[in-house]
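Note on naming: letters A, B, ... go to the chains in the order of the sequence lines (proteins, then strands), and numbering restarts at 1 for each one. Only a predicted model underlies this, so the values are computations on that prediction, with no experimental measurement involved.
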There are 2 protein chains.
Amino acid sequence: MARRLHAPMTSHTEENYLKAIFKLAEKTAKAVSTNAIAAEMRTSAASVTDMLKRLAEKELIHYEKYRGVQLTEQGSQLATALIRKHRLWEVFLVDKLGFAWDEVHDLAEQLEHVQGSGLVERLDTFLGRPKFDPHGDPIPDAEGRWAFRQQVALNTLQPGDKGVVTGVDEHSTEFLQYLDQLGLALGARLELLERYPYDQSVRIRTADGRELTLSEKVGQNLYVKVS
Amino acid sequence: MARRLHAPMTSHTEENYLKAIFKLAEKTAKAVSTNAIAAEMRTSAASVTDMLKRLAEKELIHYEKYRGVQLTEQGSQLATALIRKHRLWEVFLVDKLGFAWDEVHDLAEQLEHVQGSGLVERLDTFLGRPKFDPHGDPIPDAEGRWAFRQQVALNTLQPGDKGVVTGVDEHSTEFLQYLDQLGLALGARLELLERYPYDQSVRIRTADGRELTLSEKVGQNLYVKVS
DNA sequence: TGTTGTTTTTAGGGTGGTCTAAAAATAACG
DNA sequence: CGTTATTTTTAGACCACCCTAAAAACAACA
Ligand SMILES: [Mn+2]
Ligand SMILES: [Mn+2]
Ligand SMILES: [Mn+2]
Ligand SMILES: [Mn+2]
């Protein structure tokens with residue numbers, strides 16, 4: 001292709017890989033494995049190896065055969081910028097265009113790759129410099145700094161504890177729509193009434209007085225700030 | 001590639017070709033030539049021939065070797081939808097994010113390819129269903145219908161004629177910034193004072209009383225609605 | 001420590017998109 | 001109408017990204 005003139009330095013695909021590696025590195029602390037990336041990207045391990053060579057060539061990751069990968073400073077910055085864009089666009093889609101929180105991921109997945117000077121900062125300003133996206137995930141600022149939110153999984157609360165829903169661990173449409181159905185949106189206040197050790201489910205009361213029983217799965221995937 | 005599951009039916013590249021063909025077909029009425037497309041896309045004629053085969057295969061164009069191409073109904077609809085998206089995003093960038101009218105083309109060129117059900121219609125609603133983009137170009141509606149605007153090139157006016165700037169034929173940064181410098185934005189009122197046959201330049205008076213002499217080039221590229 | 005099972009890489013190939021150079025078809029003109 | 005100039009297509013190659021199947025490396029464990 002002779003490296004097209006104004007073509008961006010990193011392709012959509014490369015960016016998606018970087019984001020996946022960043023995400024995996026967050027959870028594991030150790031070097032990220034080829035298989036983990038393949039699972040995250042829903043692609044083959046062979047394709048991943050292929051891409052890892054390219055990313056290493058561009059010095060976006062540290063890569064040693066069979067030893068897994070880590071993002072370089074540059075790669076990390078790129079991934080952070082991408083997450084910033086992704087989450088800002090999600091805020092736009094929900095706050096300005098009126099999409100539901102379970103509808104925006106795929107669109108943001110595309111919008112995050114739009115390149116152009118000033119776009120992100122203008123978008124940020126337009127949205128009122130939000131610190132969290134529609135799923136409660138933090139939005140890094142222009143310098144890559146992350147806001148920290150004091151939150152725990154719902155099923156770590158004890159009976160009598162009160163809290164506010166601040167985020168979700170899962171982002172699937174099924175889970176988010178189920179929460180909608182239960183009337184549990186971001187910001188919802190609740191009190192934990194009882195814990196059932198048998199199946200790790202919990203009983204809660206919402207701000208409007210409804211009592212709900214939530215499975216272990218829901219309790220793990222819902223984050224709350226204890227108040 | 002085994003036709004990836006959720007991959008869109010048409011690639012970014014194919015969409016850009018369709019748009020280029022649509023644009024060229026508008027001006028020429030005859031079948032669009034390979035060379036014209038190559039020039040418009042800034043690519044080689046060989047690459048164009050290659051792509052024409054693919055587009056014909058997908059029945060987006062009618063293509064006969066050496067005979068040029070025409071969009072099929074389907075291709076035409078796709079191109080129209082793309083132009084709609086492009087221009088709506090331009091409105092967004094200017095009206096909502098505060099970009100200047102000469103800065104938005106490249107960004108819209110990327111944003112127009114974002115796919116997702118409901119996005120365009122929600123964007124349209126959010127923007128107040130605009131009928132024209134920041135350059136005065138008409139935005140087709142969801143059914144592909146175009147608004148018609150009664151406008152002529154500035155240099156067709158006669159002394160004494162008054163008008164309002166409604167659009168531009170050229171979209172280059174240089175031209176648009178020159179207009180900014182002259183204080184000639186969309187909606188600017190003006191009166192043609194005199195025509196100079198020697199070099200086809202014209203003298204005008206703006207709403208705020210300034211008198212300007214505009215070259216033939218500017219006179220050709222500025223559209224006005226006579227009032 | 002050798003064998004087995006898992007992970008990762010290589011080998012080989014495919015598609016979409018690009019290019020240059022050469023061949024073929026069409027258009028222009030004397 | 002034949003020759004020349006132009007346009008268009010083919011030939012052949014390259015890169016990014018993907019795949020499957022086989023080989024190689026590593027990890028686990030008896
Ligand atoms: Mn993405
Ligand atoms: Mn999110
Ligand atoms: Mn485009
Ligand atoms: Mn425009």
Side-chain angles (χ1 to χ4, degrees), chain A residues 1-21 24-25 28 30-70 78 109-110 113 115, chain B residues 1-21 24-25 28 30-70 78 109-110 113 115:
Chain A
M1 207 223 289
R3 199 64 274 167
R4 281 193 66 173
L5 253 36
H6 307 288
M9 194 119 333
T10 60
S11 69
H12 290 198
T13 313
E14 288 168 337
E15 290 187 339
N16 286 334
Y17 271 94
L18 289 175
K19 212 175 54 162
I21 295 167
L24 294 167
T28 62
K30 301 188 290 189
V32 177
S33 76
T34 298
N35 257 7
I37 298 168
E40 177 72 24
M41 299 284 298
R42 294 165 202 287
T43 188
S44 72
S47 297
V48 173
T49 302
D50 220 54
M51 178 59 82
L52 293 184
K53 287 178 192 165
R54 270 195 291 276
L55 293 174
E57 185 63 37
K58 295 192 178 187
E59 300 191 23
L60 295 168
I61 59 171
H62 296 298
Y63 172 51
E64 275 180 278
K65 278 187 183 182
Y66 296 102
R67 286 281 106 90
V69 304
Q70 277 177 285
L78 236 155
E109 203 58 48
Q110 300 172 62
H113 303 290
Q115 316 233 356
Chain B
M1 207 226 287
R3 201 63 274 168
R4 281 194 66 173
L5 251 37
H6 305 286
M9 191 125 335
T10 60
S11 70
H12 291 199
T13 314
E14 287 168 337
E15 290 187 340
N16 287 334
Y17 271 95
L18 289 176
K19 213 175 54 161
I21 294 167
L24 294 167
T28 61
K30 300 187 291 189
V32 177
S33 76
T34 299
N35 257 7
I37 298 168
E40 176 72 25
M41 299 282 300
R42 294 164 202 289
T43 189
S44 71
S47 298
V48 174
T49 301
D50 221 55
M51 177 58 82
L52 294 183
K53 287 177 192 165
R54 271 195 291 277
L55 293 175
E57 185 63 38
K58 295 191 178 188
E59 300 190 24
L60 295 168
I61 59 171
H62 295 297
Y63 171 50
E64 274 180 280
K65 280 186 182 183
Y66 297 100
R67 286 280 106 91
V69 305
Q70 276 177 284
L78 236 155
E109 202 59 46
Q110 300 173 62
H113 303 290
Q115 315 235 354

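B:H12 places its NE2 atom 10 Å from the P atom of C:dG17, with the value rounded to the nearest Å. Atom CD in B:E64 sits about 15 Å away from atom P in C:dA25, given to the nearest Å. Here C:dT8 presents its C1' atom at 17 Å from CE of A:M51, a figure rounded to the nearest Å. If you take NZ of B:K58 and C1' of C:dG17, they are 12 Å apart, rounded to a whole angstrom. A straight line from CZ of B:R42 to P of C:dC19 spans 13 Å, rounded to a whole angstrom. In this structure, A:E15 atom CD and D:dA16 atom P are separated by 16 Å, rounded to whole Å. In this entry the distance linking CG of A:L60 with C1' of D:dA16 reads 15 Å, nearest Å. Straight-line distance from the CD1 atom of A:I37 to the P atom of D:dC18: 13 Å, rounded to whole Å.
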Full working for side chain to side chain contact (heavy atoms under 4.5 Å, CB included) between A:L24 and A:E40 = CA-CA 8 Å; A:L24 294 167; A:E40 177 72 24; 4.1 Å; yes
task = Using the side chain to side chain contact (heavy atoms under 4.5 Å, CB included) rule, take B:M51 and B:T13 through it: C-alpha gap first, then chi angles, then the decisive distance, then the call.
result = CA-CA 9 Å; B:M51 177 58 82; B:T13 314; 3.6 Å; yes
ask   = Is there a side chain to side chain contact (heavy atoms under 4.5 Å, CB included) between B:L60 and B:I21 once you walk through the steps?
value = CA-CA 11 Å; B:L60 295 168; B:I21 294 167; over 6 Å; no
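B:T34 comes within contact range of the sugar-phosphate backbone alone, with a heavy-atom separation under 4.0 Å but no base atom that close.
Closest approach of B:E109 to B:N16, counting heavy atoms only: OE2-OD1, 3.4 Å. The two residues A:N35 and A:A45 come nearest to each other via the heavy atoms OD1-CB, 3.8 Å. Scanning all heavy atoms of the two residues, the minimum distance from A:I61 to A:L52 falls at CD1-O, 3.4 Å.
Under the rule for a salt bridge (Lys or Arg N to Asp or Glu O under 4.0 Å), B:E15 has no partner lying at least two apart in sequence or in another chain. A:T49 pairs by the side chain to side chain contact (heavy atoms under 4.5 Å, CB included) definition with A:T34, A:K53, A:Y63, not counting sequence neighbours.
A:T10 contributes atom OG1, which lies 6.5 Å from atom NZ of A:K58 (distance to the nearest 0.5 angstrom). Distance check, rounded to the nearest 0.5 Å: CG of B:L55 to CG of B:L78 gives 10.0 Å. Distance check: B:D50 CG to B:Y17 OH gives 8.0 Å after rounding to the nearest 0.5 Å.
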Hey, what are the protein-to-nucleotides 1-3 of chain C N/O distances that come in under 3.5 Å?
none

Could you run down the sub-3.5 Å N/O contacts of the protein with nucleotides 21-28 of chain D?
from	atom 1	to	atom 2	distance (Å)
D:dA25	O4'	A:Y66	OH	3.4

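Taking every side-chain heavy atom of A:D50 into account, D:dC18 is the closest of C:dT10, C:dG17, D:dC18. Relative to the side chain of B:E14, the nucleotides C:dT9, C:dT18, C:dG17 differ in distance, and C:dG17 lies closest. Checking C:dT9, D:dC18, D:dT8 against the side-chain heavy atoms of B:T49 singles out D:dT8 as nearest.
For the salt bridge (charged side-chain N to carboxylate O under 4.0 Å, His left out) condition, no pair includes a residue of residues 59-68 of chain A, sequence neighbours left out.
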task = For nucleotides 1-6 of chain D, just jot down a letter per nucleotide in 5' to 3' order: B, S or -, based on protein non-hydrogen atoms under 4.0 Å.
result = ------
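Distances shorter than 4.0 Å separate some side-chain N or O of A:S11 from OP1 or OP2 on D:dC17. Between B:R54 and C:dG17 there is a side-chain N or O to OP1 or OP2 distance below 4.0 Å. In this model, the phosphate group of D:dA16 is not approached by any side-chain N or O of A:Y17 to a distance below 4.0 Å at OP1 or OP2. At the phosphate of D:dC19, OP1 or OP2 sits under 4.0 Å from a side-chain N or O atom of A:T43. Taking side-chain N and O atoms only, A:Y63 has no distance below 4.0 Å to OP1 or OP2 of C:dT8.
Between B:K53 and A:T13, the residue whose closest nucleotide on DNA chain D is further toward the 5' end is B:K53.
Aromatic ring pairs are classed by plane angle as parallel below 30°, tilted from 30° to 60° and perpendicular above 60°; the pair B:H113 and B:H12 is parallel.
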